[in-house]
Structures are given as structure tokens and as C-alpha cells.
Amino acid sequence: MPEVKTPDIRGINLNEPALFRLDNGIPVYIIDSGKQDLIRLELIFNAGYYVQSAPLQALTSGMMMKEGTSNYSSKEIAETVDHYGTYFETLIDQDTSCLCLYSLFKNLENVLPVLKEVVRNPVFPEEELSVFIAKNKQQFIIHSKKVEYQAKVNFNSNIFGYDHPYGRKADLKDFDLLNRDQIIDFYKTNYSSSNCKIFISGKSATDTLSLLNTHFGGDHWNINYDTNHNAIRQNPVTEKKQLIHKEDALQSAVRIGKPLFNKLHPDYSGLRVLMTILGGYFGSRLMTNIREDKGYTYGIGSGMVSLLNGGYMFISTETGIEHTSNTLKEIYYELDKLREEFVSPEELDLVKNYMLGEMLHNFDGPFDQADRYRSVVDYGLDFKYYRKSIDDIQKIEIYDLKQLAEKYLDPGSFYEVIAGKL
Amino acid sequence: MIEFDKLILDNGLKIIVHKDSSTPIIAMNILYNVGARDEDPEKTGFAHLFEHLMFGGSRNIPQYDIAINRAGGEYNAFTNNDITNYYLTLPQQSIETAFWLESDRMDDLAFSSDSLKTQRNVVVEEYKQSYLNQPYGNVWLLLRPLAYLVHPYQWPTIGKNISHIENAVMKDVKDFYRKYYCPDNAIMTIAGNIETSEVEKLARKWFEPIKKTKDYKRELSKEPVQISHRKLEITSKVPFDAIYIVFHMCKRSDPEFQTVDLISDILSQGTSSRFYQQLIKENQLFSEINAYITGELDEGLFVISGKLMKGISMQDGESAIWQQLENLKNTLVDDKELQKVKNKIETLLAFSSMRALNNAMNLSFYELLGDASMLNLEVSRYLDITREDIREQSNKILNENNCSTLYYLAE
């Protein structure tokens, strides 16, 4: 048997991206590396669900920007993006909207004039909006039939509260209530040059700076951006257990967890180690017990989610209806065990090595590095955060883990959603 | 250009080495030349079930997962109708661990009956999660036997019936392993910051002692040419009607493969594509509609799948699709449109060679196709396609006699 070596963390590429500013002050983070002539450009706005005033507003506004501008029709935009072989997608989540473009280096300059229009001059044509809504409404209905989806959205509602922007779930009627003015209003208040960051990564990324300045620098746009978002209070429901009965279900989706905090909290790193032990990798306790020993599920996992204005931990799985109650029993058994018993030093060593190896993977290549930077920069952090994380992982001891488990894994504090059948 | 070296051990194991000095990670990919098409029709889903058992421990390594996680590595595998593919990544310094892990389970799997019992249950849950408990989830359980009457592509990788998995016994497991899991039936690729000479040294140490087993020759029933349209209609608890149309097409290694792939791209790659612009946006017949190919090694399928907008009749949706297909057959695609789908492919291929692991997977796969160096010819094979090629292949494939249609109706 070859000697087991601790991953060499010197291999983790923690070189900070180069930071430039366009003439209007937009920060551009550059990761110039890679062997393929492929560039990824991301324009990022704090324009996620958190700042919307109605469900679907952030999503529809972000997705509709490419459906027509002052100078190009929706079809012309699609033609240009495809003609130059580029892949363009808009990704909206709780906190951010990301307009992401993959392009060969040689084609970037040809597609940027259209991207500039999409970002700065969208007009949200009424007829395009109605097609978008009808199509998405059908996809929403299909999605809503899935137990996994039901468990997830209801869990978020329960831990954040039905009126909290992280918890408020979209309803079918929200598609009919949505109007063009709300979409335009959301665009104008959020897609501003003063709310924009740019990430550019890939081989020769630095050489694109003057192009970026031409298209996104210069004047400020959408200057009525409002930076003052009041913190919204979380208002979790009082009934912590919810069963969404589905008569014909063959499996139940299970989601268990609780509201916590984001990565700025001092306990975040330690809890991440604890959650990895519990369900964060293939050989984790939940996988070993519930999949590899009992065969109740195809997969089960746990994790931490960090959001700009909060955070939570969760455990999730899909399990045969005949195994659902036993699965719940085993999940709580594993939580109890973490509270009541020390993790063995061997298991902790293994998980430390796994997590350090994971860090090596997570910083491998320009796009991954950009992803890592993106996920800390909005918190006012940089790669020093990861240096500290590595340090925290290396230093944590079994006593610390037991303390964390006692502090955070009280079964009475958990929320539980089951979609399917008990 | 993905550069590589190739060597073959005396026991027949093919080894490909791709040096990539930009990464601290070593990727190892082992492709076993066995898939669901090699299964007994009465014991389907077995290749995939077996993939699960490969993680159940081997002679010197009772727990595969612990051994690799301890070295900071990650791993997974997939099975399809043609191949079973295992891959792992590790910090460079632990490269020997990869050779140790993979050679041990190629040489002597543990065959624990507990593992078999558990993994049967796990795969049954996977079957439910992916195929039975999702709207439209069972569509390939219906389409495959409709399109294939004799070729083993008539069942999906997960198996044609859940009972086939529930009934798997240890004798099947052992027979399967002896027949297919041998060095001369595998292609191993290592990608990362490593010299070929070092890989060779490690390979001789760990893999060379594994014995070559008896050759077997794959003899699969050939699917007869389809001569008339087939149709199936089912009603299910789904919210909207859906239509699936499949056509027989060429093998993965045939020269016209890339042309057929581009035909599917003209129809549905990107929001400027014909299906998206005309069937979703202009006429609002579908909420989603795609054309794609299965890309299998033997003669595969060209697939069209669409979900109809509420209130649109199946007949209207279907005839609009056929009108698009007739256009391809009757009118030459213009140069600009052809150039567009080629440009998309070029970007996609660049993207797929960003990571050492992807390169390792691709090199193994192209070696199986005939020669790993074909990976580097792929872009030019797409760029050489002409407007006439597109029309010719459209006429060859997109015919009613060559087609099976599934109406998936909402209750």
C-alpha cells in the first residue's frame, strides 16, 4: 500500500485576481490563465431574489434582458450570440444576477456590442414578455410535481418565513400578476453601473480590458440605483414539521435543517467540517449508514449555505416511501451521535485530508478560481478568507467539533419537510 | 491539440498518458469496454448494478472510499449502453494511490454478499428517483423497445424492469466480472503533471501482474432496417402532452456521424435555432422542444422531444415538427446558418478540454472508438461538413418509415 500523504496545500492557487477599474469605476477582476483560447465573462449585479418586491420579478427581469433592446430584436441578439459560437446564460439566485458569456477569444469582440445592449438598453417588449411567462408557467407546473422541488421550496419558506425574500415561494398566480412595469422598474433600480462587478477569466483575459472599457466603461448607467436595502427580519414558522402528502409518490423527498448564519460568522468554518463528516462526501456518515449499509436511498447529503443576509444548514435525500420513517430515524440518530460522542481522530484526519484535497480541486483552473473569488467578494472578503479556512481545517480538533454539535445540532431546533408519503 | 503517449502492457491493458503541467491534480480514467448492450435480455441493468459493486471493496482494500478520501481524492463512475467508466482525481503526490486502488479491484474484487444486497436496494431507489417518481421519467423505458426490436439498445442502462435488479445473484456478479473486468478489456488514461516514464513504471508495478483472461468476442444482434412507422400512445398523470419522435441513425464511428449531430444543432442548439424561434417563440406550439442524438457506438437514435403548450393539439405540434424536417430535406441550409452551428461546436470542444479529467475521459473514449488521436481531428471533421452533406443525411434519416413516435398524453 502506498504511503498516505496529506494533500500538499502549497498546490492551491491562491493568487488574488488582478483588479482593474473601468472609467466609470466598475471593478474588473481578472484571472489570466489556462491553455484553451476560451474566455468567460461575467457581469454580476446584486439583483437576486433578496431585492425583489414580488415573486418572479428578479428572475423575469434578468432573463428578459436579452429579449430585445433599443437597437436589436430578441432574434437578432440570439443570432449574434449563436453566430459567434458563444454561450450566453443568465443565472439568478437569492443574492445575485450573473450574465455569463463563454466565448473563444477571437470572437469576443464581435459579440460584446450586443452584450452591451443587453445590459444597458433592454426594452422588455410586451409580446416577448407574454411568451416568456406562458412558457415558464408550464415549466413551473411540471417542476412543481417533483417531490424534491416541493421539499426544497417549502423548507426555505419555513426557515425564513413566507414573507421573507429568501423564503417566499412563487405561486401559479404570481405568473399572472407579473406586469411589465415591475420588470422595467426592477431593471432600472438594480442593473446599474454602480451595482456591477465584472469577472473575466481564461487565457489572455488581461488583453480584453480595453474592449470591456469601451462597452461597459464610460458613462454611468441606471444611476438611480438604490443601495439602501433594509435588512429584512427572518420570521420562521412555528410548526417545525411539515408533511406534503402526495398520494402516488414512490419516494419521499426529505429536507431537514435550520437557519444559521453566513461565512462571516466565526463558527462557519468549523461547522463546515462537521457537516462534511455528517453528509458532505461519499464516505460520510449519512451515506455510509443510510445508503451503503441500509440501502434506503440513492443519495443523501448535508451542507451549509451562505447567503449575504443569512444562511442555513440542511440535510436532503429522496427515499422509498417504505423507507422514509426509518430514514428519518437514522438521520436523527446520526445527529445525536455527533452531539453525544467524540469523532474519532482517524475520521477527523480523513475528513481534513478530503477537505484539503477538495480545495486543490476547487482552485484548479481559471474558471474555478473565479468562482471561488466571486463567492467571497460580496462579503468584503478576498482569498485571505480561504487561507484562513485552510488554517481552520488544519487546526480543528475533536473537542471543537463536539462543542459545535452541542451548540447547533439540538434536534428540537430542526425544521423538517417531507414531500411524498409517510 | 491534446498531446499524449500510448503504451500497452503484456496483459493487454492500454495506457494513455496526457501531460498537463498546469494542474496540481492527477486524473485517472479507466474505461471498461462493457455496457448495458452486453447484458442478457433477462438480466438487464446488470452492467450498471455491477458498477456499484466495484466500490464494495477488493482483496487488499476493504473500503475503496476511505482509502481514496484519506489521500484527498474524489471519484465516481458512470455506465451507459456501451461502456462502464470509472474516474478519480487525487493530489499529484498521491498518484501511486490511484494505481494501487484501481489495480486491486481489477485484479480481485471482494464479492461481499452484503454489498450485493445493499446495492440492489440502492439501485432500486435510483430507478425510482430517476425514472418512476418524475413526470415523464419513464419515457426511455417506452421509447427504446419501440425503436429497437432486436438490438440490446432496446433497454435502458438502468434495466428494463426493476425486478431484474432485485433478482440479481452472486453467481451473475462473478461471471460478469470474469468476463469483462480484465486488463485487455480496459483503457486507462492518466492526465496531470507527470512523465510517461513514471506512469510506465507504476503501471508495470501495479497492473502488469494482473492476468489476461480469455478473449471474448462481442456478437450482438443487428437491428433490421425499419420499414414502416411505429407509434405508441400512453396516458399518464403528467400536466401537459408531450411528443417524442426517434429515427435510426449511424454508428458513432461512421463518417456521417458529425453531420447528423449538426442537423440536430440546426434544429435546436441555442435560442436562434429553428425549433426555438419558430415552434416556441413565433407559433407558441411548445414550451420546450429539443433535437439531439444518443451518440451510441452501435447505430443510435436521432431524437426529437417536445412538450406542447396547453391547448395545442398533438396533431398541430407534430405536423409543425415535420414541416421543419421537410425544410431540411428540401432546402439547402444557408452558409451562415451552417457556420453558426460549427462555431458553437468549436467553442464547446475547447470548453471540454479545459480540465485534465475531461481530457482523460475523452482520450479513453476515442481510443475505444479506434484511436485516441481522433480526438484531435474532431473539430476539423465538423468544420469540413457541407450544406449538401446536411441535406443528404436529412433525406436519409428523417423519414416516416425510419421513425417511431410516442404520444405521451396528459390524463
Side-chain angles (χ1 to χ4, degrees), chain A residues 1-2 4-8 11-12 33-38 74-75 78-79 81-87 102-104 107 131 134-135 138-139 141-142 145-147 248-251 281-283 291-298 318-320 349-350 353-354 356-358 360-361 364-365 367, chain B residues 22-25 60 63 65-66 69-75 89-94 96-97 100 117-122 124-126 128-129 132-135 237-240 269-273 277 280-281 284 287-288 307 309-310 336 339-340 343-347 350-351 353-355:
Chain A
M1 177 186 163
V4 175
K5 295 170 185 157
T6 299
D8 185 353
I12 303 173
S33 66
K35 293 202 297 187
Q36 298 294 327
D37 290 321
L38 192 66
S74 163
K75 190 172 178 176
E79 285 287 350
V81 165
D82 285 342
H83 178 73
Y84 291 105
T86 56
Y87 289 80
Y102 289 90
S103 171
L104 291 181
N107 292 330
V131 174
K135 174 167 80 86
Q138 280 207 194
Q139 286 167 356
I141 291 169
I142 295 170
K145 301 281 173 199
K146 301 177 182 171
V147 289
D248 57 351
L250 296 174
Q251 284 190 320
Y281 68 113
F282 212 97
R291 175 179 143 132
E292 293 299 297
D293 186 47
K294 312 272 185 335
Y296 293 157
T297 180
Y298 177 48
E318 279 160 79
T319 164
D349 270 352
L350 181 149
N353 279 0
Y354 171 77
L356 295 173
E358 190 186 34
L360 268 178
H361 285 92
D364 189 17
F367 300 162
Chain B
S22 71
T23 172
I25 304 288
N60 300 303
Q63 287 174 293
D65 55 347
I66 289 187
N69 290 147
R70 190 175 282 143
E74 297 193 41
Y75 60 93
T89 50
L90 276 168
Q92 145 117 42
Q93 46 168 355
S94 292
E96 191 161 2
T97 301
W100 171 65
K117 199 171 144 231
T118 311
Q119 293 308 320
R120 277 194 310 236
N121 292 336
V122 170
V124 166
E125 291 303 324
E126 182 180 359
K128 292 183 204 160
Q129 185 171 326
L132 305 181
N133 207 36
Q134 303 285 345
K237 254 186 138 168
V238 291
F240 306 103
Q269 168 62 258
T271 49
S272 74
S273 64
Q277 282 298 327
I280 293 182
K281 298 252 338 240
Q284 296 170 45
S287 65
E288 47 192 296
K307 297 205 174 73
M309 289 297 289
K310 200 165 185 61
K336 197 177 171 206
Q339 192 57 48
K340 174 183 79 175
N343 290 345
K344 290 288 257 198
I345 288 279
E346 204 183 352
T347 310
F351 187 77
S353 51
M354 286 286 286
R355 284 169 205 278

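Convention: sequence-line order gives letters A, B, ...; per-chain numbering from 1. In this text, all values refer to a predicted model and were calculated from it rather than measured experimentally.
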Please identify, among [options], the residue contributing the most non-hydrogen atom pairs under 4.5 Å to chain A.
| options | value |
| --- | --- |
| Ser353(B), Ser273(B), Ser94(B), Gly270(B) | Ser353(B) |
| Gln339(B), Lys307(B), Glu96(B), Gln92(B) | Glu96(B) |
| Val238(B), Ile25(B), Thr271(B) | Ile25(B) |
| Gln93(B), Gln63(B), Glu288(B) | Gln93(B) |
| Asn343(B), Val122(B), Ile345(B), Asn121(B) | Val122(B) |
| Leu132(B), Asp65(B), Ile66(B), Thr118(B) | Thr118(B) |

More than 12 heavy atoms of other residues, nucleotides or ligands under 6.0 Å from CZ of Arg120(B): is that the case?
yes
[options]: which one forms the most heavy-atom pairs within less than 4.5 Å of chain B?
| options | result |
| --- | --- |
| Ala134(A), Gly283(A), Pro7(A) | Pro7(A) |
| Gly11(A), Gly357(A), Gly85(A) | Gly85(A) |
| Asp248(A), Asp349(A), Asn107(A), Val81(A) | Asp248(A) |
| Lys145(A), Glu358(A), Met1(A) | Met1(A) |

Would you indicate whether the side-chain heavy atoms of [Y] and [X] approach each other to under 4.5 Å?
| X | Y | result |
| --- | --- | --- |
| Thr86(A) | Thr347(B) | no |
| Lys344(B) | Tyr84(A) | no |
| Pro135(B) | Lys146(A) | yes |

Run the side chain to side chain contact (heavy atoms under 4.5 Å, CB included) test on Tyr354(A) and Arg70(B) for me, step by step, so that the C-alpha distance in whole Å, both residues' side-chain angles and the decisive distance to 0.1 Å come before the verdict.
CA-CA 6 Å; Tyr354(A) 171 77; Arg70(B) 190 175 282 143; over 6 Å; no
So for [X], is it side chain, backbone, both, or neither that comes closer than 4.5 Å to the heavy atoms of chain A?
| X | answer |
| --- | --- |
| Lys237(B) | side chain |
| Gln129(B) | both |
| Asn69(B) | both |

Drop me the distance from [X]'s [atom1] to [Y]'s [atom2], to the nearest 0.5 angstrom.
| X | Y | atom1 | atom2 | value |
| --- | --- | --- | --- | --- |
| Gln134(B) | Glu318(A) | CD | CD | 6.5 Å |
| Asp364(A) | Thr23(B) | CG | OG1 | 3.5 Å |
| His83(A) | Lys336(B) | NE2 | NZ | 5.5 Å |

Does a donor on one side chain and an acceptor on the other come within less than 3.5 Å for Gln139(A) and Ser287(B)?
no
Do the side-chain N and O atoms of Ser74(A) and Lys281(B) include a donor-acceptor pair separated by under 3.5 angstrom?
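Looking only at side-chain atoms, Lys281(B) and Ser74(A) do form a donor-acceptor pair, the distance falling under 3.5 Å.
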What do the steps show when you test Arg291(A) against Gln119(B) for side chain to side chain contact (heavy atoms under 4.5 Å, CB included), and what is the final call?
CA-CA 8 Å; Arg291(A) 175 179 143 132; Gln119(B) 293 308 320; 3.8 Å; yes
Counting only heavy atoms closer than 4.5 Å, note whether [X] contacts chain B via side chain, backbone, both or neither.
| X | answer |
| --- | --- |
| Ser33(A) | neither |
| Lys5(A) | both |
| Phe367(A) | side chain |
| Ile142(A) | both |
| Asp293(A) | backbone |

Would the distance check show the side chain of Asp82(A) and the main-chain N or O of Ser272(B) forming a donor-acceptor pair, the cut-off being under 3.5 Å?
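Checked: pair present.
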Glu346(B) and Leu104(A): CA distance, side-chain angles, deciding distance, side chain to side chain contact (heavy atoms under 4.5 Å, CB included) verdict:
CA-CA 8 Å; Glu346(B) 204 183 352; Leu104(A) 291 181; 3.9 Å; yes
Where does the angle between the aromatic ring planes of Phe351(B) and Tyr102(A) fall among parallel (under 30°), tilted (30 to 60°) and perpendicular (over 60°)?
perpendicular
List the atom of Gln277(B), the atom of Ala78(A), and the distance in Å for their closest heavy-atom pair.
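Taking Gln277(B) first and Ala78(A) second, the nearest heavy atoms are NE2-CB, 4.1 Å.
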